[in-house]
Amino acid sequence: MKVEDLHSWKLGIPEALRLQQSLAHLVCYKDEISEVRWVGGVDISAPNSQGCARGAVVILDYPSLHTVEVKIVEEKVEFPYVPGLLSFREAPLIISAFRMVEKVPQLLIVDGQGIAHPRRLGLASHLGVILDLPTIGCAKSLLCGKVAEVGSEAGSFSLIWEGEEVLGAALRTKRNARPVYISIGHRTDLEGALKWILNLCQGYRLPEPTRRAHNACSANTKC
DNA sequence: GCGACAG
DNA sequence: ATCTTGTCGC
């Protein structure tokens, strides 16, 4: 059985919610990142009027950060956008693009939450479990939890709290830019995740892997 | 019941 | 995500 066949994507909302609860047990919160040669970034575009979207996986050489591979797919998006169920909408396209990749990355940066999610299984964690890769969630806004103001210097961060639980951190990656929200995806810890994200930022708010994946899928879809 | 709500 | 001009800061 292939990893991507861990479960079906043709689910209703109640089934998706139940699946998240079971998959959340499989998420690893320990740092298992090692010998990074390639770092991946993934993103999908907004679906067009026909429901077709573009999914992209970009592979960067590390530490040069040169793009060494780009894979794009265009498919119809089936699942509706429901806050908390984003992975059921986006993961199918990302996985399709990912299976075409030749240089399998040792770390994947995802545009969305990891465990900073109501059931601790945001897109980054879900993809990490399915692809069995270390992943880091790097979202542009908060889904759940509370966070204090972040210092203005690049590198400043403030923890995301939900009750007594730390879900991640708001991280200032660039001066005069809003912070990004970092959380463990899979097989990473928060400290490592923050270091990696800062290390992958090259003068822009978003880390290079995610930024390039976004650019790669921003062109108009053909279907 | 009310507000919040990744992309 | 998207609707949308000018404008403030480096």
Side-chain angles (χ1 to χ4, degrees), chain A residues 9 13 16-17 19-20 23-24 27 41-58 72-97 108-130 135-147 152-154 159-163 167-186 190 193 197 201-207 209-221:
Chain A
W9 294 100
I13 289 176
L17 290 168
L19 182 56
Q20 289 187 324
L23 291 183
V27 177
V42 299
D43 193 19
I44 86 165
S45 65
N48 63 19
S49 54
Q50 295 137 72
C52 190
R54 179 178 274 216
V57 176
V58 175
I72 306 281
V73 296
E74 287 188 5
E75 289 176 15
K76 186 169 183 180
V77 172
E78 307 287 354
F79 207 87
Y81 170 67
V82 179
L85 297 179
L86 184 65
S87 59
F88 295 92
R89 180 176 175 80
E90 302 206 341
L93 288 218
I94 293 172
I95 291 169
S96 292
L108 193 63
I109 312 301
V110 180
D111 181 25
Q113 316 289 349
I115 63 166
H117 175 279
R119 289 162 296 283
R120 311 296 180 257
L121 195 84
L123 176 61
S125 297
H126 199 157
L127 283 174
V129 167
I130 287 180
T135 59
I136 294 172
C138 180
K140 297 184 292 299
S141 64
L142 201 55
L143 173 61
C144 66
K146 299 295 181 186
V147 58
S152 58
E153 333 83 86
L159 300 179
I160 300 170
W161 291 90
E162 189 170 278
L167 300 185
L171 173 68
R172 185 87 61 188
T173 54
K174 183 189 191 322
R175 254 183 182 288
N176 301 314
R178 292 150 51 217
V180 291
Y181 300 86
I182 308 304
S183 58
I184 292 172
H186 185 50
L190 182 57
I197 294 299
C201 282
Q202 299 282 302
Y204 295 90
R205 179 165 82 119
L206 300 182
T210 303
R211 201 175 72 80
R212 289 183 206 171
H214 183 80
N215 289 335
C217 64
S218 62
N220 293 319
T221 52

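In this text the structure is predicted, and so the values were computed from the model without any measurement. Chain A is the first sequence line, chain B the second, and so forth, proteins listed ahead of strands; every chain is numbered from 1. All heavy atoms count here, side chains included; hydrogens, waters and symmetry mates do not.
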- Task: List the atom of A/Pro83, the atom of A/Leu143, and the distance in Å for their closest heavy-atom pair.
- Result: CB-CD1, 4.5 Å
- Message: How long is the straight-line distance from CZ of A/Arg205 back to CG of A/Leu171, given to the nearest 0.5 Å?
- Response: 10.5 Å
- Query: Considering heavy-atom distances to DNA chain C, does A/His214 or A/Asn176 have its closest nucleotide positioned more toward the 5' end?
  - Reply: A/His214
- Measure up the A/Phe79 and A/Phe88 rings against each other and bin them: parallel (under 30°), tilted (30 to 60°), perpendicular (over 60°). tilted
- Message: Could you check whether any side-chain heavy atom of A/Pro92 comes within less than 4.5 Å of a side-chain heavy atom of A/Glu78, counting everything from C-beta outward?
- Response: no
Only pairs under 3.5 Å count here: list side-chain donor-acceptor contacts from residues 110-124 of chain A, not counting sequence neighbours, and write none if there are none.
unit_1	atom_1	unit_2	atom_2	d
A/Asp111	OD1	A/Lys140	NZ	2.9
A/Asp111	OD2	A/Lys140	NZ	3.3
A/Gln113	NE2	A/Ser141	O	2.8
A/His117	ND1	A/Arg119	N	2.9
A/His117	ND1	A/Arg120	N	3.3
A/His117	ND1	A/Leu121	N	3.3
A/His117	NE2	A/Gly84	O	2.7
A/Arg119	NE	A/Gln20	OE1	2.6
A/Arg119	NH2	A/Gln20	OE1	3.0
A/Arg119	NH2	A/Gly84	O	3.4
A/Arg120	NE	A/Glu165	OE2	3.1
A/Arg120	NH1	A/His117	O	2.5
A/Arg120	NH2	A/Glu162	OE2	2.9
A/Arg120	NH2	A/Glu165	OE1	3.0

- Message: At under 4.0 Å between heavy atoms, how does the protein contact nucleotides 1-7 of chain B? Give one character per nucleotide, 5' to 3', with B, S or -.
- Response: ----BBB
